[in-house]
Amino acid sequence: MKPILPQGTRDFKPEVLRRRHFIINTIRNLFELYGFEPLETPALENVETLLGKYGDEGDKLIFKILNNGLDHPSKQESARSEFEKVIAGKTVSTITERALRYDLTIPFARFVAMNYHELPMPFKRYQIQPVWRADRPQKGRYREFYQCDADVAGTYSLQADAELALLYRDVFRKLNLPVSVKLNNRKILMALAELTTGAESFRPVTTIIDKLDKIGIEKVKNELINAGLTDEHIQFVEKYLTIQGNIREKINSLKDLFKNSETGLQGLNELETIFNLAGDDPVFDLDTTLARGLDYYTGTIYEVKALNVKMGSIGGGGRYDDLTGLFGVKGVPGTGISFGIDRIYDVMEELNLFTENISESTQLIFFNLGKEESQHAFSLMQECREKGISSELYYDSVKLEKQFKFADKKKIPYAVIIGSREISDGMVKIKELKSGEEQTVKRNDFFSLLEKKYNFKDHS
RNA sequence: GUGGCUGUAGCUCAGUUGGUUAGAGCAUCAGAUUGUGGUUCUGAGGGUCGAGGGUUCGAGCCCCUUUAGCCACCCCA
């Protein structure tokens, strides 16, 4: 049979994985620095846990798992009739009762609801795991991809929101990736709906204005007309969308625009508090067009866009005042962000931001020049390993061309050569493979040379 | 779910208006050469042209179906 991957999934080769680990480690270290604790949840959740949490579109994209044992004779009859309901678009627990995780937030909410009384509150957790969506793959979109989430449960404090904004800033600063971290507040969007066609039109109006950067102001206005907004309303929306200036100026203009809306002013005060805490930084921006799709956001919303590259958002998140209500625990607010490391990887690859040494693993390769020679090499290699220097000895005594090529493929920076001549002289030869430069030293001086010239540290 | 583009050697790709035995570079393997050393030279293996059907004397090339990948829409990380 042909070896083949399911659509939208990927194998990660060593050099790719090293780069992914570099991104993940950067994020994880900062999560820890900010006081978040690790959590993992199962790949599988019960279907009911996930359904209805992501809107109608989201429900369609959840991978559902067929129950086992449907072929059992005693079940065949009911399975057949229940399957009719599946065809009709319903989800039936006798056919499917488990599904693959769609994001990390709902499983987190489920976890908090289940463990509320044992957890330190507020609970700050981070989670780095794959999620699955039955979307059609395209650029920057996979059916299996990783999310790195940091969420805070159990506080209304805007300090948490400010921390998350700073976390975004720090991660992308550390990755050397130019981005814009955009913030907005759902309350402002709610006020906008209230001041035009009423609160119930919140969703259609926000989805339309969210498209502004994609389709332009004229098409947005057309769609708003179709949605039933009057000329007066549209004038107001246009004013809102075209507010210019730095963050402070934008907030002031918006305060003026929403002076009659308590909700709007509240959202603006929240944003002001967050920006004051987070401090001035050109990465931050107040983006009035930012809406975000997920239904549960109620306050701050975030989105991260990579600069100078054509790619959807590489991070997003927001505040949700009722995180666990759906699971029966009331009054637990949450706020959180997510990093899409697959897209971050793609962007960094496109911008050539990975440094060469990321893919280095083994630092020293000992060439195998024969039975007796390799015995000397083996014992010196073990000394290297004891000193914490990652090293290996080529297993077979094959021609050097092969051993060089092996070293090249594994991106090993240095080769150690111990041939018969070196043995009889009590010497060791070390060669920097990139430059071809080589140096022969007494075996006793080997480690001091490594330390001095090649900057190897003794980690033992 | 809807639409567009693409599938030729392990990889990147040529392949003329349909015409004999489908090519190149890289990679792989073998040999020669090198002061035991990434070079160079010589040679070899490797293909159901994504799959199935059709048109034709004849299809890698034209038509239909199907599948996979990419891209766009929807939505999103």
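So that the names make sense, note that chain A is the first sequence line, chain B the second, and so on, each numbered from 1.
- Closest to the side chain of A:Arg343, from the set B:G1, B:U36, B:A77, is B:A77.
- Among the atoms of the strands shown, none is found under 4.0 Å from any heavy atom of A:Lys60.
- Note on A:Lys310: a side-chain N or O is less than 4.0 Å away from OP1 or OP2 of B:A72.
- A:Ile128 places its CD1 atom 17 Å from the P atom of B:A77, with the value rounded to the nearest Å.
- Between A:Pro6 and A:Ser420, it is A:Ser420 whose nearest contact on RNA chain B lies nearer the 5' terminus.
- Of the charged side-chain nitrogens involved, at least one lies within less than 4.0 Å of a carboxylate oxygen, so that A:Glu438 and A:Lys429 count as a salt-bridged pair.
- Both A:Leu400 and A:Leu5 lie close to RNA chain B; mapped to their nearest nucleotides by heavy-atom distance, the more 5′-ward contact belongs to A:Leu400.
- Between A:Lys399 atom NZ and B:U39 atom P there is a gap of 10 Å when expressed in whole angstrom units.
- Contacts of A:Ile314 with the nucleic acid, taken as non-hydrogen atoms under 4.0 Å apart, involve only primed sugar atoms and P, OP1 or OP2.
- The interatomic distance linking A:Glu438 (CD) with B:G38 (P) rounds to 11 Å, in whole Å.
- Of all nucleotides listed (B:G37, B:G38, B:A72), B:A72 comes nearest to the side chain of A:Arg136.
- For A:Gln138 and B:A72, the shortest distance from a side-chain N or O to OP1 or OP2 is below 4.0 Å.
- Under the salt bridge (Lys or Arg N to Asp or Glu O under 4.0 Å) criterion, the residue pairs touching residues 19-37 of chain A are A:Arg19-A:Glu349, A:Arg20-A:Asp342, with sequence neighbours excluded.
- Rounded to whole Å, the distance from CG on A:Asp59 to P on B:C75 is 16 Å.
- A:Gly312 comes within 4.0 angstrom of no nucleic acid atom, judged by non-hydrogen atoms across all strands.
- No engagement by A:Lys305 is indicated, since no non-hydrogen atom pair under 4.0 Å with the nucleic acid exists.
- Salt bridge status for A:Asp425 with A:Arg443: absent, with no side-chain N to carboxylate O gap under 4.0 Å.
- Taking atom CG on A:Asp135 and atom C1' on B:A72, their separation rounds to 13 Å, with Å as the unit.
- Here A:Glu422 lies in heavy-atom contact (under 4.0 Å) with a base.
- Rounded to whole Å, atom P of B:C74 lies 11 Å from atom CG of A:Asp210.
- With salt bridges taken as basic N to acidic carboxylate O contacts below 4.0 Å, none links A:Asp396 and A:Lys402.
- Here, B:A24 and B:U67 have their C1' atoms 29 Å apart, quoted to the whole Å.
- Taking a cutoff of 4.0 Å between a charged side-chain nitrogen and a carboxylate oxygen, A:Asp135 and A:Arg141 qualify as a salt bridge.
- Rounded to a whole angstrom, the distance from the C1' atom of B:C63 to that of B:G18 is 13 Å.
- A:Arg141 contributes a side-chain N or O that forms a donor-acceptor pair with the base of B:C75 under 3.5 Å.
- The listed nucleotides are B:A77, B:U36, B:C75; the one nearest the side chain of A:Glu57 is B:C75.
- Comment: A:Glu15 does not engage A:Arg18 in a salt bridge, judged by the lack of any side-chain N to carboxylate O separation of less than 4.0 angstrom.
- Rounded to whole Å, atom C1' of B:A72 lies 12 Å from atom NZ of A:Lys139.
- Residue contacts shown for A:Gly370 are absent, as no nucleic acid heavy atom lies under 4.0 Å away.
- One C1' atom belongs to B:G60, the other to B:G50, and the distance between them is 12 Å to the nearest Å.
- In this structure, the nucleotide among B:G37, B:G3, B:A77 sitting nearest to the side chain of A:Tyr142 is B:A77.
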Seminar exercise, completed: Intra- and inter-strand pairing of RNA chain B, written as dot-bracket with Watson-Crick and G-U pairs under 3.5 Å and | for the latter, reads (((((((..((((.....[...)))).(((((.......))))).....(((((..]....))))))))))))....
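- Separating the P atom of B:U66 from that of B:A30 is a span of 47 Å, rounded to the nearest Å.
- For A:Ile417, the side-chain atoms get nearest to B:G37 when compared with the rest of B:C75, B:A77, B:G37.
- Nucleotides B:U16 and B:C74 place their C1' atoms 43 Å apart, quoted to the nearest Å.
- Note that A:Arg133 lies outside the cation-pi zone of A:Phe145, set by a 6.0 Å cut-off to the ring centre and a 45° limit from the axis.
- At a threshold of 4.0 Å, the pair A:Arg110-A:Glu45 counts as salt-bridged, since one of the basic side-chain nitrogens sits closer than that to a carboxylate oxygen.
- The shortest distance between the side-chain N/O atoms of A:Gln403 and the OP1/OP2 oxygens of B:G37 is not below 4.0 Å.
- With salt bridges taken as basic N to acidic carboxylate O contacts below 4.0 Å, none links A:Glu223 and A:Lys219.
- For A:Gln7, the listed nucleotide lying nearest its side chain is B:G69; candidates were B:G69, B:C74, B:A72.
- Across B:C64 and B:C26, the matching C1' atoms stand 37 Å from one another, rounded to whole Å.
- Legend: residues meeting salt bridge (charged side-chain N to carboxylate O under 4.0 Å, His left out) with A:Glu451, ordered by chain and number and at least two apart, are absent.
- Remark: ring of A:Phe145 stacked against base of B:A77; centroid gap under 5.5 Å, plane tilt under 30°.
- When the P atom is compared between B:C61 and B:U21, the two are found 16 Å apart, to the nearest whole Å.
- The nucleotide whose nearest atom lies closest to any side-chain atom of A:Pro137 is, among B:C70, B:G38, B:G3, B:C70.
- For the pair A:Arg125 and A:Phe108, the distance from NZ or CZ to the six-membered ring centre is under 6.0 Å and the angle to the ring normal is within 45 degrees.
- For the salt bridge (charged side-chain N to carboxylate O under 4.0 Å, His left out) test, residues two or more places apart in sequence or in another chain that qualify with A:Lys410 are A:Glu392.
- Using a 4.0 Å heavy-atom criterion, one finds that A:Ile341 contacts no nucleic acid atom at all.
- Among the protein residues, A:Gly317 comes within range of no part of the nucleic acid, since none of its heavy atoms lies under 4.0 Å from any strand.
- Among the atoms of the strands shown, base atoms are found under 4.0 Å from some heavy atom of A:Gly436.
- Partners of A:Tyr320 by ring pair (Phe, Tyr, Trp, His ring centres under 6.0 Å), not counting sequence neighbours, listed by chain and number: A:Tyr296.
- Counting distance only, with no hydrogens placed and no angle test, the side-chain atoms of A:Lys402 and the base atoms of B:G37 include no donor-acceptor pair under 3.5 Å.
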Each nucleotide N or O in nucleotides 40-44 of chain B that has a protein N or O under 3.5 Å away: list the pair and distance.
none

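- Comparing B:U56 with B:A14, their P atoms are spaced 31 Å from each other, to the whole Å.
- Here B:A77 presents its P atom at 17 Å from CZ of A:Arg143, a figure rounded to the nearest Å.
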